[in-house]
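Have a look at the structure below before the remarks.
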Amino acid sequence: MKKLYEIALLFSLCITLCSCPYSSAYYLDETSGIYVEDALLGKWIALVKKPNSSREAEVYVTLSKRTDTEYYITLTGDLNDLRPFNVLVADSLTGTAFMSIVDERQFLNIRINAKNYIAELKLKDDKLSLLPLSEGFTAKMIFNSSELRKSVEVHYKTRVHPLLDDDFCLRNMTKLN
């Protein structure tokens, strides 16, 4: 019985460790070079399914202009499920972001709490989706921005479906203002 308990504990630990978005010390580009898109600015709402529940929660993403090439990003709403990941220190997450383009795909380089996250950005039919890459999208050690960019390029070229962190994906958000 003790062995079964240990196996269950190890399995849940593996699931927890694997279900984090990819974070890096590097961005896809050294500096931001793409101008802020006015269509992205404003407050967006997403309905996300709560883990182990049929209930949905509202999450709000606010994008505002920081500079000509950078955004302020704020996530608010029901974020209590993020507490175990030690990214939530208040009732909201705030950070900065800038756009990069890799093989004609748009990505946001998001910096929150001294960590950099890479999320594919899709804007289609007035619906915004932020799709962060999963921690296991590459097994390669990344030592600079160009290696990170190359890893993302290879990942999207060699996969039918990219490895996204579904627990953190915000799909089909609608604009509130």
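- Asp125 places no side-chain N or O within 3.5 Å of a backbone atom of Lys127 that could act as its donor or acceptor partner.
- Remark: side-chain polar atoms of Lys122 are not paired, donor with acceptor, to backbone N or O of Arg171 under 3.5 angstrom.
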Show your reasoning for whether side-chain contact (heavy atoms from CB on, under 4.5 Å) applies to Asn113 and Leu93.
CA-CA 8 Å; Asn113 295 339; Leu93 286 172; 4.1 Å; yes

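- For Thr74, there are no side-chain hydrogen bond (donor to acceptor under 3.5 Å, both in side chains) partners two or more places apart in sequence or in a different chain.
- With sequence neighbours left out, the salt bridge (charged side-chain N to carboxylate O under 4.0 Å, His left out) criterion links Lys65 to Asp68.
- Atoms CG and CG, on Asp165 and Leu131 in that order, are 11.0 Å from each other to the nearest 0.5 Å.
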Which is it for Tyr71 and Arg66 under the side-chain contact (heavy atoms from CB on, under 4.5 Å) test, yes or no, and what are the steps along the way?
CA-CA 5 Å; Tyr71 301 88; Arg66 179 177 185 218; 5.8 Å; no

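- Both Leu170 and Leu63 are members of a single hydrophobic cluster when ILVMFWY side chains are connected at heavy-atom separations under 4.5 Å.
- Put simply, the side chain of Asn116 never gets that close to the backbone of Arg111: no donor and acceptor are under 3.5 Å apart.
- Judged as a salt bridge (charged side-chain N to carboxylate O under 4.0 Å, His left out), and not counting sequence neighbours, the contacts of Glu153 are Lys150.
- Put simply, the side chain of Met173 reaches to within 4.5 Å of the side chain of Val61, judged on heavy atoms.
- Inter-residue side-chain proximity for Tyr26 and Ile142 is flagged as met; some heavy-atom pair is nearer than 4.5 Å.
- The shortest heavy-atom contact between Glu70 and Ser32 is CG-OG, 3.6 Å.
- Ile73 and Leu123 fall within the same hydrophobic cluster, where Ile, Leu, Val, Met, Phe, Trp and Tyr residues are linked whenever their side-chain heavy atoms come under 4.5 Å apart, directly or through other members.
- Across every non-hydrogen atom of Gly42 and Lys175, the tightest pair is CA-CE, 4.1 Å.
- Taking 4.5 Å as the limit, some side-chain heavy atom of Leu28 sits within range of a side-chain heavy atom of Val152.
- Counting Ile, Leu, Val, Met, Phe, Trp and Tyr side chains that sit under 4.5 Å apart, directly or through other members, Phe143 shares a hydrophobic cluster with Met141.
- For Glu37, the side-chain hydrogen bond (donor to acceptor under 3.5 Å, both in side chains) partners are Gln106, not counting sequence neighbours.
- For the pair Ser134 and Leu164, the minimum side-chain heavy-atom distance is 4.5 Å or more.
- Tyr27 is linked by a ring-ring contact (aromatic ring centres under 6.0 Å, His included) to Phe98, counting only residues two or more places apart in sequence or in another chain.
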List the steps, then state whether side-chain contact (heavy atoms from CB on, under 4.5 Å) holds for Leu121 with Leu40.
CA-CA 10 Å; Leu121 182 140; Leu40 298 177; 4.1 Å; yes

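- Look at Lys157 and Asp103 and you find a salt bridge, because one of the NZ, NE, NH1 or NH2 atoms lies within 4.0 Å of a carboxylate O, short of that distance.
- With sequence neighbours excluded, the residues forming a side chain to side chain contact (heavy atoms under 4.5 Å, CB included) with Ile45 are Glu58, Tyr60, Thr174, Leu176, listed by chain and number.
- Here Ile34 pairs with Met99, Ile101 under the side chain to side chain contact (heavy atoms under 4.5 Å, CB included) rule; sequence neighbours left out.
- Remark: Phe137 pairs with Tyr22, His155 by the ring-ring contact (aromatic ring centres under 6.0 Å, His included) rule, at least two apart or across chains.
- Asn109 is linked by a side-chain hydrogen bond (donor to acceptor under 3.5 Å, both in side chains) to Ser100, counting only residues two or more places apart in sequence or in another chain.
- By the side-chain hydrogen bond (donor to acceptor under 3.5 Å, both in side chains) test, Tyr156 pairs with Glu120, sequence neighbours left out.
- Here the side chains of Pro132 and Cys169 are in contact, with some heavy-atom distance below 4.5 Å.
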Would you please test Val36 and Thr67 for side-chain contact (heavy atoms from CB on, under 4.5 Å) and show each step?
CA-CA 8 Å; Val36 167; Thr67 66; 5.8 Å; no

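- Using a 4.5 Å cut-off between side-chain heavy atoms of Ile, Leu, Val, Met, Phe, Trp and Tyr, with links allowed through other members, Leu148 and Val102 fall into the same hydrophobic cluster.
- When the shell of 6.0 Å around CD of Glu30 is examined, it contains 12 or fewer heavy atoms from other residues, nucleotides or ligands.
- The hydrophobic clustering, which links ILVMFWY residues whose side-chain heavy atoms are closer than 4.5 Å, places Tyr72 and Val59 apart.
- Cluster annotation: Ile110 is connected to Val48 through the hydrophobic network of ILVMFWY side chains, with a link wherever side-chain heavy atoms come within less than 4.5 Å.
- Judged purely by atom type and a 3.5 angstrom limit, Asp29 has no side-chain atom pairing as donor or acceptor with the backbone of Thr31.
- Taken to the nearest 0.5 Å, the CG atom of Leu130 stands 6.0 Å off from the CG atom of Leu108.
- The salt bridge (charged side-chain N to carboxylate O under 4.0 Å, His left out) search around Asp38 returns none, not counting sequence neighbours.
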